[in-house]
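Throughout, residue positions are numbered sequentially from 1 according to the sequence presented. We use all heavy atoms of the structure for the numbers below, so side chains are in, but hydrogens, waters and symmetry mates are not. If you're wondering where the values come from, they're calculated on a predicted model, not measured in any experiment.
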Amino acid sequence: MASGSGSGGAEAPIENVTLHADDEFIRRASVAVHGFAEIQSDAQEATRKEHNMTLKEALRLYPKAVGWSILLSTAIIMEGYDVVLLSSFYALPQFNQKYGVIADDGAYTIPAPWKSGLSNGALCGEILGLFATGVISEKYGYRKTMIGALCMMTAVIFVPFFSPTLPVLLLGEILCGIPWGAFQTLTTAYASEVCPVALRAYLCTYVNLCWVMGQFIASGVVRALLSREDQWAYRIPFAIQWMWPIPILIGCIFAPESPWWLVRKGRIEEAKAQLLRLTTRGDHTFDADNTIAMMQHTDELEKSVSEGTSYLDCFRGCDLRRTEIVCLTWVVQALCGSTFMGYSTYFYQQAGLPTESAFNLSMAQYALGAIGTLGSWFLMSRAGRRSIYLKGAASLLVLLMIIGLASIAPSSNKASRWAIGSMLLIFTLVYDLTVGPVCYALVAELSSTRLKSKTIVLARNLYNIGGIVVNILTTYQLTPTPSGWGWGAKSAFFWAGSCALCVVWIYFRLPEPKGRTYAEIDILFEHKISARNFKDTKLDIFRGENVVAVPEDVGEKDAGAHPFATIGEFKKLTSRAR
């Protein structure tokens with residue numbers, strides 16, 4: 001049996017090695033699970049079909065799964081909407097007159113501590129919502145948890161809409177953050193579990209497109225209301241958030257539950273019924289029993305490594321490495337300089353552009369983000385996730401260095417401000433072509449199915465904590481002295497350094513999950529195959545054609561010297577033992 005180094009050390013030539021499932025796993029599963037021989041045979045056939053399934057075939061067989069996944073993922077639009085909405089309000093005179101104080105120049109402004117508090121308040125709520133969702137979704141399922149989060153979202157929007165003071169507005173942001181945290185976990189986990197390998201990456205990265213769509217809509221709404229001089233200039237944008245929860249809630253009531261979750265709960269017949277709701281009826285090439293058997297086989301494989309499904313189990317055995325990879329994959333999004341994307345409008349204003357024109361360019365920036373996400377689907381069909389992530393981060397590093405070099409020119413040099421703003425537009429396109437959307441596919445594919453929701457919770461929360469730190473650092477870096485550091489665009493050099501560290505980590509630690517089933521990824525992690533060898537390692541997770549383990553209660557004389565037999569031999573041996 002082959003094994004490798006998780007840190008990328010010396011290994012046997014991977015191309016000459018075929019990894020198998022652990023002997024002990026197969027033996028225990030064959031004893032513990034009734035009919036395991038047939039389950040393994042059916043799972044092998046389903047795995048073969050998934051490997052051979054093209055994108056066109058997957059879309060034809062799973063159109064309902066695509067529709068339901070898109071519906072649930074649309075909830076993320078609300079979070080992307082509010083993130084841009086609140087930061088845009090700081091430049092809105094009507095909002096500042098309601099909640100701000102008079103500054104030395106006679107204009108109303110929101111105090112800096114409150115700006116930081118409001119921006120980070122939603123993140124604090126998301127952290128609470130994420131941890132709660134990890135526990136609730138494992139007990140009640142994705143669908144019911146999503147319904148509860150949408151009901152809460154509908155109720156708590158009243159708080160920011162009617163908030164009379166900044167403390168109440170802060171409370172509203174924290175409360176809204178709780179269901180947003182639930183959406184972050186559930187949408188990615190659900191998308192990864194209702195579709196086959198051929199569709200998995202596309203539906204997971206659609207989450208990033210929803211985020212960009214929310215930002216684009218928020219920017220457009222604020223731009224359209226700039227001419228209003230009353231309180232509705234900021235109340236209408238808050239009220240628009242009621243557009244999303246109710247229709248999505250109605251859809252979730254009729255949505256099928258994840259078959260993987262039902263299999264983990266031992267509800268096999270229900271899992272099959274939900275799987276049939278996700279697929280095209282009457283397709284003679286599809287066997288629901290085989291697909292359910294593949295889920296059972298994967299679940300038993302993961303049980304052999306870790307029986308538990310608690311947060312603590314994410315840090316045990318080979319799941320510790322998986323947790324590290326998934327968490328840091330998401331943290332790369334925060335540390336690669338993405339914080340700069342929101343400041344292109346600021347640099348265009350420095351270049352002398354009117355406020356309305358700067359807002360127009362910000363909308364163009366979010367449109368580039370949407371184009372980039374759609375382009376990432378094209379890239380992922382031709383290149384691996386690891387390759388896209390690595391080259392994308394390296395490209396962002398180059399762009400940050402260009403921005404930093406352009407910032408050396410004096411601020412009176414308008415051409416340098418135009419160059420910085422334009423480089424940030426290109427940065428947005430590259431980010432949403434690579435690191436932005438591909439992250440969602442990686443975190444969904446590299447976490448085990450039994451610990452998926454909790455691993456995603458830990459990863460997203462680490463990202464949120466990183467986001468709080470990054471927001472604070474960026475505020476100080478871009479704020480003029482004496483209240484800030486006055487670095488301006490020169491802070492790009494700082495983020496280029498953190499991005500370089502991300503590139504190094506990606507090269508040595510991030511594996512390639514493209515084209516692998518969840519069971520195959522489990523085996524690769526169990527054998528500690530290094531990140532750089534994930535792609536080329538050969539696998540036979542079923543130990544050859546129709547081979548199963550012989551249970552302990554079959555005598556050694558009957559079983560022979562080898563603890564494995566073909567299904568036909570297995571049936572004879574177990575019959576003789578009885």
Side-chain angles (χ1 to χ4, degrees), residues 80 83-84 87-88 90-91 119 208 211-212 214-216 218-220 222-223 332-373 375-376 391-411 413-437 439 467 470-471 473-480 484-500 502-503:
V83 167
V84 171
S87 61
S88 299
Y90 298 149
S119 298
N208 187 76
W211 174 276
V212 174
Q215 294 175 319
F216 181 84
S219 185
V222 175
R223 168 67 180 82
V332 166
Q333 278 195 338
L335 298 182
C336 69
S338 60
T339 180
F340 260 92
M341 291 189 296
Y343 291 93
S344 60
T345 303
Y346 168 75
F347 288 110
Y348 280 129
Q349 286 177 324
Q350 281 194 327
L353 218 60
T355 301
E356 289 187 1
S357 299
F359 267 103
N360 291 339
L361 280 170
S362 70
M363 292 177 64
Q365 178 176 329
Y366 298 130
L368 283 175
I371 293 170
T373 303
S376 71
K391 293 176 182 177
S395 300
L396 297 179
L397 170 59
V398 173
L399 289 170
L400 286 169
M401 290 300 298
I402 294 173
I403 292 170
L405 292 171
S407 70
I408 295 175
S411 57
N413 188 323
K414 301 298 183 182
S416 68
R417 305 301 104 174
W418 277 100
I420 292 170
S422 300
M423 284 299 104
L424 287 173
L425 290 179
I426 298 174
F427 187 101
T428 300
L429 177 62
V430 173
Y431 175 86
D432 284 303
L433 187 66
T434 57
V435 173
C439 171
V470 167
N471 286 340
L473 286 175
T474 305
T475 300
Y476 277 101
Q477 288 169 351
L478 297 182
T479 302
W485 300 340
W487 291 6
K490 293 184 180 69
S491 53
F493 287 124
F494 176 89
W495 297 111
S498 67
C499 188
C502 293
V503 171

Residue pair Asp432 / Leu368, side-chain heavy-atom distance below 4.5 Å: no
Flag side-chain contact, heavy atom, 4.5 Å: Leu396 against Trp495: no
Flag side-chain contact, heavy atom, 4.5 Å: Ile420 against Ser407: yes
Point-to-point distance, once rounded to the nearest 0.5 Å, from CD1 of Ile371 to OG of Ser376: 12.5 Å
Distance (rounded to the nearest 0.5 Å) between Cys499 SG and Leu397 CG: 5.0 Å
Interatomic distance, Asn208 atom CG to Gln333 atom CD [nearest 0.5 angstrom]: 7.0 Å
Minimum side-chain heavy-atom gap Met401-Phe493 below 4.5 Å: yes
More than 12 heavy atoms from other groups under 6.0 Å of NZ on Lys391: no
Full working for side chain to side chain contact (heavy atoms under 4.5 Å, CB included) between Phe427 and Leu400: CA-CA 8 Å; Phe427 187 101; Leu400 286 169; 3.8 Å; yes
Point-to-point distance, once rounded to the nearest 0.5 Å, from CD1 of Ile402 to CG of Leu424: 11.5 Å
Aromatic plane relationship, Trp487 with Trp485 - under 30° parallel, 30 to 60° tilted, over 60° perpendicular: tilted
Closest contact, heavy atoms only, Leu399 versus Met423: CD2-SD, 4.0 Å
